[in-house]
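Convention: sequence-line order gives letters A, B, ...; per-chain numbering from 1.
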Amino acid sequence: MAPSESGMRVRFAPSPTGALHIGGARTALYNWLLARHSGGTMVLRIEDTDRERSTPENVAQILDALEWLELDWDEGPHSQAALGERHREAIARLVANGHAYEHEGAVRLRVPAGGTTTVHDVIRGEIVFEHAAIDDFVIARSDGSPLYNFAVAVDDRDMGITHVVRGEDHLSNTPRQLMVIKALGAEPPVYAHLPLLHGPDGKKLSKRHGAASVQELREQGYLPEAVRNYLALLGWGADASTTFFTTEELVERFSLERVSRSPAVFDEQKLRWMNGRYMRELPLEELTRRLEQRLGRGGLRAAAEISQEKMQTLAEFEPLAGFLVERRPFDEQAWSKVMKDGAHERLARARGALEAVEPFDSAGVEIALRGLVDELGVKPNKLFQPVRVAISGSTISPGIFESVALLGRDETLERIDAALEHA
RNA sequence: GCCCCCAUGGUCUAGUGGCCCAGGACGCCUCCCUUUCAAGGAGGAGAUCGCGGGUUCGAAUCCCGCUGGGGGUACCA
């Protein structure tokens, strides 16, 4: 580890405009990885100098999202608005020493007429901005309240931030912040501007692109560890072939030097695939715990066990295995697709075979049903699908033997009877 | 308008002058397995490395121009 990377003080500074977006989540993750990797400090600061937007509910949503992602912080959350004292003090100082001046009630920073300001960006190298292209910008409103570009610079200085890691949308404003820091006579932090995240249409990621916020990802049944892994790979890669990283490995291997410069598109299909892999590797106890917590009920262990390898998200448990928990109506499309060409008769025969199974476990059910298949001389699915529709209401379910065994003899026979009558 | 950033298959990426007529992953297609759906296994299609000039014995890799995309330019953050 390079000396400069030891004990980094980083900050995640979202403006509370509502749900935490995926782009913000990635920024938070990268900052968190850097703090943990360097044995440093993660500061959480809420950029709430914009009155209206900064409601307590919005702030709560951000904290909630970070907690779900299991990204903890060491300091904060600080409210930028609450730091007004420091800001006003700094403004007064700049006005006093001529670095800023009052104009129509507002205060503007004096930008040198000539020369340049260079941003040293870890990811992009040196970026030179001509002062000629930057106007004297307002740092305080006429009511005295500070503006973003000013407050950020002051806060980063006051909080001793060593590395500012944020989205590329802040790059163009960096020279302004650098000028404030310089006017204040402070040392600038190291900057790293992350490439933005885009939607499938190439435009900036937004709600229009499906799951765009952390809370939506949670609702859709994604696992936080899978989301972390996927997000880490959106703009960063450790090598040519590693795709799966435990969080410990991410902490160990993540580095700003390997962050890419071009924008990335959030691909939910790949997240789904990755999430499925994490789902299958979850210990059964853990999978059960998460499903039960999500559904607000217990007793799901057995159902979770026979469904685990078939789910890509926690949300898929219900459509796949909900029938194990609660009887549900027949899906008419499934019904008409399966219950034809003598299916009714075969279902009746299956009922008979199951009635006699002893013991009524998955192995016993399999022997009985396969035996009947041989006896009838039909393709297995000619018998299994009608049974599946009868007990689950649909054509999709976990393994049929396991499902039947789990339901138990009485429940299974009742459902088959209901199906026989339904016809 | 002006300023800044970016540019490898549909997507995420590896690649920093020869090992690349470009590697991995998702997705897609085919086959296998198979009780459905997934999963898994084996193959396959898909990239003139945005375009045009250079530099060099040699360029995805360096330079210039262009085009395209994105961001900024507020008494928003």
Side-chain angles (χ1 to χ4, degrees), chain A residues 13-17 46-54 80 103-108 119 121 123-125 127-130 132-135 137-149 151-152 166-176 193 195-198 200 202-204 230 233-244 258 260-274 276-277 279-280 307-312 316 319-320 334 337-338 366 369-370 373 379-389 392 394-403:
Chain A
S15 55
T17 54
I46 306 297
E47 310 266 308
D48 54 0
T49 49
D50 179 25
R51 56 306 112 156
E52 329 289 284
R53 295 203 262 179
S54 311
Q80 187 166 60
H103 176 70
E104 291 187 7
V107 178
R108 288 177 183 275
V119 175
D121 189 283
I123 298 169
R124 288 153 214 282
I127 304 148
V128 180
F129 293 84
E130 300 277 345
I134 302 175
D135 297 325
F137 55 98
V138 178
I139 58 177
R141 301 183 178 91
S142 29
D143 67 1
S145 62
L147 255 47
Y148 174 74
N149 279 132
V152 173
R166 73 228 301 197
E168 200 211 287
D169 48 338
H170 292 280
L171 182 55
S172 293
N173 279 323
T174 305
R176 292 183 176 76
H193 289 90
L196 261 22
L197 256 31
H198 288 178
K203 302 229 167 110
K204 196 173 177 180
Y230 177 72
L233 260 23
L234 230 42
W236 172 83
D239 53 48
S241 60
T242 313
T243 302
F244 288 92
R258 290 194 61 85
S260 96
R261 278 149 302 164
S262 49
V265 173
F266 174 70
D267 178 9
E268 196 173 342
Q269 284 201 101
K270 188 162 184 176
L271 206 212
R272 286 187 71 79
W273 163 78
M274 182 168 275
R277 291 279 303 253
M279 292 276 290
R280 272 168 263 133
S307 306
Q308 183 164 25
E309 63 175 15
K310 295 174 182 292
M311 297 184 286
Q312 286 198 296
E316 286 174 5
L320 175 72
K337 182 180 175 188
V338 172
E366 176 162 11
L369 291 183
R370 285 200 190 281
V373 163
K379 290 213 167 220
N381 64 358
K382 287 294 180 192
L383 178 67
F384 298 164
Q385 282 300 73
V387 173
R388 193 185 309 279
V389 171
S392 77
S394 86
T395 53
I396 299 172
S397 82
I400 191 68
F401 315 126
E402 293 82 353
S403 296

TODO: For A:Glu168 and for A:His103, find the nucleotide of RNA chain B with the closest heavy atom, then tell me which residue's nucleotide is more 5'.
DONE: A:Glu168

Open item on the list: Nearest to the side chain of A:Lys270, heavy atoms from C-beta on, is which of B:A77, B:C26, B:U35?
Closed with: B:C26

TODO: Take the protein atom OH of A:Tyr230 and the nucleotide atom C1' of B:G27, then report the distance between them rounded to whole Å.
DONE: 11 Å

Task: Of the listed nucleotides B:G15, B:A77, B:U13, the one nearest the side chain of A:Arg258 - done: B:G15

TODO: Look at A:Arg261 and B:C4 and indicate whether a side-chain polar atom (N or O) is within less than 4.0 Å of OP1 or OP2.
DONE: no

Open item on the list: By the 4.0 Å heavy-atom rule, please label A:Glu316 as base, sugar-phosphate, or nothing.
Closed with: nothing

Open item on the list: Checking contacts here: which listed nucleotide (B:C12, B:G27, B:G72) is nearest the side-chain heavy atoms of A:Arg176?
Closed with: B:G72

- [ ] When you get a sec, tell me which of B:G71, B:C12, B:U35 is the closest nucleotide to the side chain of A:Val265?
- [x] B:C12

Task: From CD1 (A:Ile400) to CD (A:Glu366), nearest 0.5 Å - done: 11.5 Å

Open item on the list: What's the closest nucleotide to the side chain of A:Asn173 if the choices are B:U11, B:C4, B:U73?
Closed with: B:U73

Task: 5′-ward residue of the pair A:Gly235/A:Trp273 relative to RNA chain B - done: A:Gly235

Open item on the list: Looking only at the side chain of A:Ser241 (C-beta and beyond, no hydrogens), which of the listed nucleotides B:G24, B:C6, B:C4 gets closest?
Closed with: B:G24

Task: Nearest-neighbour nucleotide for the A:Leu171 side chain, B:A77, B:C5, B:C12 considered - done: B:C5

TODO: Provide, to the nearest angstrom, the distance between the CG atom belonging to A:Leu147 and the C1' atom belonging to B:U73.
DONE: 14 Å

Open item on the list: I'd like to know if A:Lys310 reaches the base of B:U36 with its side chain such that a donor and an acceptor end up less than 3.5 angstrom apart.
Closed with: yes

Task: Intermediate values then yes/no, side chain to side chain contact (heavy atoms under 4.5 Å, CB included), A:His193 and A:Thr174 - done: CA-CA 10 Å; A:His193 289 90; A:Thr174 305; 3.1 Å; yes

Open item on the list: Let's go through A:Met274 and A:Thr243 carefully: what are the C-alpha distance in whole Å and the side-chain angles of both, what is the deciding distance for side chain to side chain contact (heavy atoms under 4.5 Å, CB included) to 0.1 Å, and is it a yes or a no?
Closed with: CA-CA 9 Å; A:Met274 182 168 275; A:Thr243 302; 3.6 Å; yes

TODO: Would you mind telling me which of B:U36, B:C3, B:C75 lies closest to the side-chain atoms of A:Arg108?
DONE: B:C75

Open item on the list: Side chain of A:Ala133 only, heavy atoms from C-beta on: which candidate in B:C4, B:C3, B:U73 is closest?
Closed with: B:C3

TODO: Would you indicate which nucleotide in B:U11, B:U35, B:G23 comes nearest to any side-chain atom of A:Asp267?
DONE: B:U11

Task: A:Gln385 and A:Arg388 side chains, donor-acceptor separation under 3.5 Å - done: yes

